[in-house]
Amino acid sequence: MTDTPREVFLKLVHGVCEERWADVVDLYAEQTDVSHPFHPLGAPPMRSRDELRAHFGGGSQPYQGPTLRRRPTRINVHETTDPEVVVAEFQYEGVVVETGEPFTIPGIFVLRVRDGKIVESRDYLDHLRSAAARGHLPEVLDAVRDHHAKAPVTAPPAHSGAEPG
């Protein structure tokens with residue numbers, strides 16, 4: 001019997017916290033669609049296990065930063081009318097081992113799980129809190145400033161109220 005979307009989500013967040021990266025990557029289908037819509041630099045979606053492996057630190061450059069001890073808390077998984085889809089609210093709560101500094105990173109994942117594998121995920125995380133926990137907030141803020149200087153955020157065109165003709 002395959003895992004339910006709820007069970008897959010729980011394996012995902014616990015696997016991340018326990019840094020079981022091979023197990024985490026194996027939760028995804030070979031061809032998947034994972035995006036971070038609120039990423040401050042507009043990161044492209046990841047569409048394969050190889051891209052996810054690199055994302056989770058299995059690439060050519062291993063993670064070089066502070067040690068984060070974390071656990072998922074405040075978990076609330078909402079099942080939807082689509083049996084493949086769950087919306088999961090949670091937060092990563094932990095401490096930076098080297099400094100003793102506590103952190104909390106809230107998140108919402110919208111997962112589509114088919115045959116026990118994640119085929120689509122929209123991960124809404126607080127990327128700035130995550131960067132702060134890793135000691136990278138100044139660099140991320142500089143990158144955001146540079147990114148938006150090149151491609152400024154503009155307001156959508158004002159609605160005139162007139163019907164299209």
Examine [X] and [Y] and state if one hydrophobic cluster contains both, with Ile, Leu, Val, Met, Phe, Trp and Tyr joined whenever side-chain heavy atoms are less than 4.5 Å apart.
X      : Y     : result
Val110 : Val13 : no
Leu125 : Val96 : yes
Leu10  : Tyr92 : yes
Ile105 : Val95 : no
Val16  : Val97 : no

Work out which heavy atom in [X] is nearest to a heavy atom in [Y]; give both atom names and the distance.
X      : Y      : value
Asp26  : Lys117 : O-NZ, 2.6 Å
Val77  : Arg6   : O-NH2, 3.3 Å
Ala132 : Leu137 : CA-CB, 3.9 Å
Val86  : Thr80  : CA-CG2, 4.5 Å
Pro83  : Thr81  : CD-O, 3.5 Å
Pro40  : Leu128 : CG-CD2, 4.5 Å

Any heavy-atom pair between the side chains of [Y] and [X] that's under 4.5 Å?
X      : Y      : value
Val140 : Val144 : yes
His36  : His55  : yes
Leu111 : Arg122 : no
Val113 : Val119 : no
Pro5   : Val8   : no

Look at the side chain of [X] and the backbone N and O of [Y], then say whether any donor-acceptor pair between them is shorter than 3.5 Å.
X     : Y      : answer
Arg49 : Tyr28  : yes
His39 : Leu41  : yes
Glu18 : Gly15  : no
Thr2  : Asp115 : no
Arg20 : Leu12  : no

Sub-6.0 Å ring centroid separation between His127 and His136: no
Residues Asp50 and Ser48: side-chain donor-acceptor under 3.5 angstrom: no
Could you measure the distance from the [atom1] atom of [X] to the [atom2] atom of [Y]? Nearest 0.5 Å is fine.
X      : Y      : atom1 : atom2 : answer
Phe109 : Tyr124 : CZ    : OH    : 11.5 Å
Phe9   : His14  : CZ    : NE2   : 8.0 Å
Arg53  : Met46  : CZ    : CE    : 13.0 Å
Glu51  : Phe56  : CD    : CZ    : 12.5 Å
Asp33  : Arg47  : CG    : CZ    : 4.5 Å
Ile108 : Asp123 : CD1   : CG    : 11.0 Å

Sequence neighbours excluded, every pair satisfying side chain to side chain donor-acceptor pair (under 3.5 Å) that has a member inside residues 95-105: Thr67-Glu98
Salt-bridge present (Arg70, Glu93; N to O < 4.0 Å): no
Residue pair Glu120, Thr32: steps toward the side-chain contact (heavy atoms from CB on, under 4.5 Å) verdict: CA-CA 6 Å; Glu120 184 180 15; Thr32 190; 5.7 Å; no
Working for salt bridge (charged side-chain N to carboxylate O under 4.0 Å, His left out), residues Asp3 and Lys11: CA-CA 10 Å; Asp3 290 332; Lys11 285 182 178 183; 2.5 Å; yes
